[in-house]
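Keep in mind the model is a prediction, meaning the values are calculated, not measured.
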Amino acid sequence: MLSQEHDGYWLYRLDRIIDILAKSAGQQLNYADRFSLQDHRHQTYLLDSGQLTRISFIYRYYPQTALDYFPGSHVIKSNSDGSCVIVAYVKVDGAMLWLLSQGAGLQVISPPLLVNRMRDALTAARDQYLD
């Protein structure tokens, strides 16, 4: 939905809307520049924040699971150990939620900034359980 308050398009959950305070006639959209819910869905996972980034990761579980979470992603290599390398374009902050949830079954290999963020987050999680 176009939000004047936030100066752009925002994704709202219909089950959280309580009242519609006002409505007005829409405007004709330029389809070349319009917001695409399909593109938005392909690039975000739970959070629409962070830069749109090309990521690569090794996935050791059933590949279709990762491909389902990141529509538009694809396998670029199958490894002899049964794992595969997947490439996706994602908004990093939301993607990290899912990437972290995969534990040892996933290893981010690029970009280096995301590798470091994953390492720091996993180290902090591990450190909570050390005496």
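- The shortest heavy-atom contact between V108 and F57 is CA-CB, 3.8 Å.
- Atoms CD1 and CG, on I55 and L113 in that order, are 12.0 Å from each other to the nearest 0.5 Å.
- In terms of heavy atoms, K91 sits closest to L52 at CD-N, 4.0 Å.
- Residue I20 qualifies as open at atom CD1: its count of foreign heavy atoms under 6.0 Å is 12 or below.
- Within a 6.0 Å sphere centred on CD1 of I109, other residues, nucleotides and ligands contribute more than 12 heavy atoms.
- In this structure the side chain of R126 never reaches within 4.5 angstrom of the side chain of L122, judged on heavy atoms.
- Heavy atoms of other residues, nucleotides or ligands lying less than 6.0 angstrom from OH of Y61 number more than 12.
- A donor-acceptor pair shorter than 3.5 Å can be found between the side chains of Q107 and R60.
- Side chains of D93 and R117 form a contact here, defined as non-hydrogen atoms less than 4.5 Å apart.
- Note that CG of N79 and SG of C84 are 7.5 Å apart. Values are rounded to the nearest 0.5 Å.
- Across all non-hydrogen atoms, the minimal contact from P63 to I86 is O-CD1, 4.3 Å.
- L99 is not listed as a side-chain neighbour of V90, based on a closest heavy-atom distance of 4.5 Å or more.
- Cluster membership for I76 and L67, using ILVMFWY side-chain heavy atoms within less than 4.5 angstrom, is not shared.
- Separating the CE atom in M118 from the CG atom in L100 is a distance of 4.0 Å, to the nearest 0.5 Å.
- Here the shortest heavy-atom pairing between V92 and T53 reads CG2-OG1, 3.3 Å.
- Proximity of D127 to L130: side-chain heavy atoms (C-beta onward) are separated by under 4.5 Å at one or more points.
- From Y69, atom OH reaches atom OG of S101 across 7.0 Å, with rounding to the nearest 0.5 Å.
- The cluster map of Ile, Leu, Val, Met, Phe, Trp and Tyr, joined by side-chain heavy atoms under 4.5 Å apart, puts I58 and Y89 in different clusters.
- If you take NZ on K77 and OG on S83, they are separated by 8.5 Å, rounding to the nearest 0.5 Å.
- Side-chain contact between W98 and T65 is present, with heavy atoms from C-beta onward closer than 4.5 Å.
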